[in-house]
Amino acid sequence: QVQLVESGGGLVQAGGSLRLSCAPSGRTFTRYTVGWFRQAPGKEREFVSAHTRSGGSTDYADSVKGRFTISRDNAKNTVYLQMNSLKPEDTAVYYCAASTSYNVVRVSVGYDYWGQGTQVTVSS
């Protein structure tokens, strides 16, 4: 069992930045493809970004491309989501997830483990 812990959420004004972190307890992240999803009130959970376990590929939803950057620090066993130029429509609970797939996974059913989520609120 892999437990994921997200941190870094908060309240920020439009145009601001936040960096989310995700770290597993008891396992090394290099064994997993890691994804970020988000869910706004009244909406379905949606894919945001993913970073493959090999480190060779990343992927982004069109809505965040050019503004968000996913990265890994294997020494710290942590995956980050740097979010710049935030918009009010980015407001959501952000979830980190881990998959044993070697490829980018854009659907939530492809992930085996999930964190509890961290709230990101962007004010206009």
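Annotation: the span from L81 atom CG to H51 atom NE2 amounts to 11.5 Å, rounded to 0.5 Å. Note: L4 CG to S21 OG = 13.0 Å, rounded to the nearest 0.5 Å. Rounded to the nearest 0.5 angstrom, T28 OG1 and N77 CG are separated by 4.5 Å.
Other residues, nucleotides and ligands place no more than 12 heavy atoms under 6.0 Å from the CD atom of Q116. Within 6.0 Å of atom CD in Q119, more than 12 heavy atoms from other residues, nucleotides or ligands are found, so the atom counts as buried in its surroundings. Within a 6.0 Å sphere centred on NZ of K65, heavy atoms belonging to other residues, nucleotides or ligands number more than 12.
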Given R38 and S63, is the side chain to side chain contact (heavy atoms under 4.5 Å, CB included) satisfied, shown in steps? CA-CA 12 Å; R38 66 187 182 187; S63 59; 3.4 Å; yes
Applying side chain to side chain contact (heavy atoms under 4.5 Å, CB included), run through V79 and C96 and close with a yes or a no. CA-CA 9 Å; V79 172; C96 171; 5.8 Å; no
Between D112 and V2, does a side chain to side chain contact (heavy atoms under 4.5 Å, CB included) hold up when you go through it step by step? CA-CA 9 Å; D112 305 290; V2 178; over 6 Å; no
Where do V105 and N103 land on the side chain to side chain contact (heavy atoms under 4.5 Å, CB included) test, with the steps shown first? CA-CA 6 Å; V105 181; N103 301 313; 5.5 Å; no
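Side chain of T52 to main chain of S57: a donor-acceptor pair is present (N/O by atom type, distance under 3.5 Å, no hydrogens or angles). Using a distance-only test at 3.5 Å, with no hydrogens or angles considered, no donor-acceptor pair links the side chain of S85 to the main chain of R67. Remark: side-chain polar atoms of T33 are paired, donor with acceptor, to backbone N or O of S101 under 3.5 angstrom.
If you chain together hydrophobic residues whose side chains sit under 4.5 Å apart, Y80 and V120 never meet in one group. Residues V48 and V93 do not share a hydrophobic cluster, clusters being chains of Ile/Leu/Val/Met/Phe/Trp/Tyr side chains in contact below 4.5 Å. Cluster membership check: F68 shares its hydrophobic cluster with I70, using side-chain heavy-atom separations under 4.5 Å among Ile, Leu, Val, Met, Phe, Trp and Tyr.
When all heavy atoms are compared, the tightest approach of R106 to Y60 is NH1-O, 3.5 Å. Closest approach of A50 to V104, counting heavy atoms only: CB-CG1, 4.1 Å. The two residues C22 and W36 come nearest to each other via the heavy atoms CB-CZ2, 3.6 Å. Heavy atoms only, all atoms of each residue included: A40 and A92 are closest at N-CB, 3.8 Å. Shortest non-hydrogen contact noted between F47 and D59 is CZ-O, 3.9 Å.
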Report all side-chain donor-acceptor pairs from residues 8-19 shorter than 3.5 Å, counting only partners two or more places apart or in another chain.
from	atom 1	to	atom 2	distance (Å)
S17	OG	N84	OD1	2.9

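Y95 pairs by the side-chain hydrogen bond (donor to acceptor under 3.5 Å, both in side chains) definition with nothing, not counting sequence neighbours.
Counting heavy atoms from C-beta outward, E6 and L20 have side chains that stay 4.5 Å or more apart. At least one side-chain heavy atom of R72 sits less than 4.5 Å from a side-chain heavy atom of F29.
Remark: R53 is positioned above the aromatic ring of Y102, its terminal NZ or CZ atom under 6.0 angstrom from the ring centre and at most 45 degrees off the axis.
With respect to K87 and D90, no salt bridge is recorded, no charged nitrogen being found less than 4.0 Å from a carboxylate O.
Of the candidates Y94, Y32, F37, F37 is the only one forming a ring pair (Phe, Tyr, Trp, His ring centres under 6.0 Å) with W114.
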